[in-house]
Protein chains: 2
Amino acid sequence: MDSIQVGNFKFQLDLSKPLYEQVLQHIRQAIARGDVLLGTKLPSVRDLAQQLKLNPNTVMRAYQELDRDHLTETRRGQGTFITSDSETVEQVKKALAREAVIAFVSSMKNLGINRSTTESLLKEVTWHE
Amino acid sequence: MDSIQVGNFKFQLDLSKPLYEQVLQHIRQAIARGDVLLGTKLPSVRDLAQQLKLNPNTVMRAYQELDRDHLTETRRGQGTFITSDSETVEQVKKALAREAVIAFVSSMKNLGINRSTTESLLKEVTWHE
DNA sequence: TTAAGTGTATTATATCAAATAAAACACTTA
DNA sequence: TAAGTGTTTTATTTGATATAATACACTTAA
């Protein structure tokens, strides 16, 4: 597995991408998925850093990006809290989904694969949900 | 545009990813797309490096990865040639397509988006081909 | 034979983003 | 006041990427 559970979050870190980016993605996806209650507090910067064996600065960089997207709201001295606005979450989720679709279509087009073939390939994939 | 045409290849380089990787992708996709005649010679390492304003070592790294996938065959003293085996090309193309599909499905699942919604989102995209 | 054009290898250096480290500062709460 | 928050700053380390310069090995055609 090599995954670390912290509160409601499960982290899988590797060296394929920047660590701060992976932390960001994990939390963002958990929020989008609805895995965590809106309005709740994230682990403190120092806390999460210690559990993931990362530098606090690395975790903070992830938290600041979440703030920028308004997925979290930081209250100095209190902590970083997940937004309570489900509308914001929905918007971010849609934006991320759209990005993924665009990137995928672009990949397929770069390979010279058309829409209908792409749809067929997608149907062939087993989709455990 | 900021793109450079070299023979049948069009290169679009930026700083978002390693240069050798971008060179590799451009050539690999052109072959997969059928944009180039099988069996033909790629630009020489020094030649392409000069035209793209890259170091020869950077270009060579891309060429060596193409060789590893058997998309090209290098003959010392002669140059690097695109494989004549259309079967190999087809296999690589399928592998790349499969990779893209897997990555896409994974992204959508990470966002908590199911198959049917994914298919809908895909249909919404205009697909200029 | 030779010269020019190929790929290949080596060694050194430069560059840059990412990550760490340590310390101090600012605010909130109990 | 103390403990727990986020924040900022400065310095340093690390590793992949890219460049540079040079030499070597092979092929082809003049």
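Residue numbers begin at 1 in each chain, while the letters A, B, ... track the order of the sequences.
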Enquirer: Give, ordered by number, those residues of residues 76-84 of chain B having at least one heavy-atom distance below 4.0 Å to an atom of DNA chain C; if nothing qualifies, reply none.
Expert: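 By residue number: B:Arg76, B:Gly77, B:Gln78, B:Gly79, B:Thr80.
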Enquirer: Heavy-atom count check: over 12 atoms from other residues, nucleotides or ligands less than 6.0 Å from B:Arg75 CZ?
Expert: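 For B:Arg75, atom CZ is crowded (more than 12 foreign heavy atoms under 6.0 Å).
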Enquirer: Whole Å only: how far is the CG atom of A:Leu48 from the P atom of D:dG4?
Expert: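 After rounding, the reported distance stands at 17 Å.
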Enquirer: Searching all strands shown, indicate the nucleotide that pairs with C:dA30 (Watson-Crick or G-U wobble; both distances under 3.5 Å).
Expert: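 The base-pairing partner of C:dA30, which may sit in any strand shown, is D:dT1.
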Enquirer: Can you name the nearest heavy-atom pair linking A:Val125 to B:Arg115, along with the distance?
Expert: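 Closest heavy-atom pair between A:Val125 and B:Arg115: O-NH2, 2.7 Å.
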Enquirer: Between A:Tyr63 and A:Thr72, is any pair of side-chain heavy atoms under 4.5 Å apart?
Expert: no
Enquirer: Can a donor-acceptor pair be found, under 3.5 Å and without considering hydrogens, that links the side chain of B:Glu99 to the backbone of B:Val101?
Expert: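 Absent.
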Enquirer: Counting only N and O atoms by type, is there a donor-acceptor contact under 3.5 Å from the side chain of B:Ser107 to the main-chain atoms of B:Ala103?
Expert: yes
Enquirer: Measure CD/A:Gln64 against P/D:dT9 and give the value in whole Å, please.
Expert: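 My rounded result for the distance is 11 Å.
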Enquirer: With nearest nucleotides of DNA chain C determined for A:Arg75 and A:Arg46 from heavy-atom distances, which residue corresponds to the more 5′ nucleotide?
Expert: A:Arg46
Enquirer: For A:Leu15 and C:dT20, what is the distance between atoms CG and P respectively, to the nearest whole Å?
Expert: 10 Å
Enquirer: What do you reckon, is NZ of B:Lys41 surrounded by more than 12 foreign heavy atoms closer than 6.0 Å?
Expert: yes
Enquirer: Evaluate the side-chain proximity of A:Leu71 to A:Arg28: yes if any heavy-atom separation is below 4.5 Å, no if none is.
Expert: yes
Enquirer: Rounded to whole angstrom units, what separation is found between the CE atom of B:Met60 and the C1' atom of D:dT22?
Expert: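 Distance check: B:Met60 CE to D:dT22 C1' gives 14 Å.
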Enquirer: Would you say B:Tyr20 and B:Leu96 are hydrophobically clustered, going by side-chain heavy atoms of ILVMFWY under 4.5 Å?
Expert: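 As far as the 4.5 Å side-chain criterion goes, B:Leu96 and B:Tyr20 are not connected within one cluster.
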Enquirer: Would you kindly give the CG-to-P distance between B:Leu42 and C:dT6, to the nearest whole Å?
Expert: 12 Å
Enquirer: Measure the distance from OH on A:Tyr63 to P on D:dT5 and round it to the nearest whole Å.
Expert: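 It is 10 Å, rounded to the nearest whole Å.
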Enquirer: Can you pull out the residues from residues 66-74 of chain A that lie within a 4.0 Å heavy-atom distance of DNA chain D?
Expert: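 A:Thr74 - these, ordered by number, are the residues of the stretch whose heavy atoms sit under 4.0 Å from the strand.
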Enquirer: Taking B:Leu24's backbone N and O only, do any of them form a donor-acceptor pair with B:Arg61's side chain (distance below 3.5 Å, no angle check)?
Expert: no
Enquirer: Let's go through A:Asn114 and A:Thr117 carefully: what are the C-alpha distance in whole Å and the side-chain angles of both, what is the deciding distance for side-chain hydrogen bond (donor to acceptor under 3.5 Å, both in side chains) to 0.1 Å, and is it a yes or a no?
Expert: CA-CA 6 Å; A:Asn114 64 23; A:Thr117 305; 2.7 Å; yes
Enquirer: Does atom CD of A:Gln50 have more than 12 heavy-atom neighbours from other groups under 6.0 Å away?
Expert: no
Enquirer: I need a per-nucleotide contact map over nucleotides 10-20 of chain D, read 5' to 3'. Cutoff is protein heavy atoms under 4.0 Å; write B for the base, S for backbone only, - otherwise.
Expert: -------SSBB
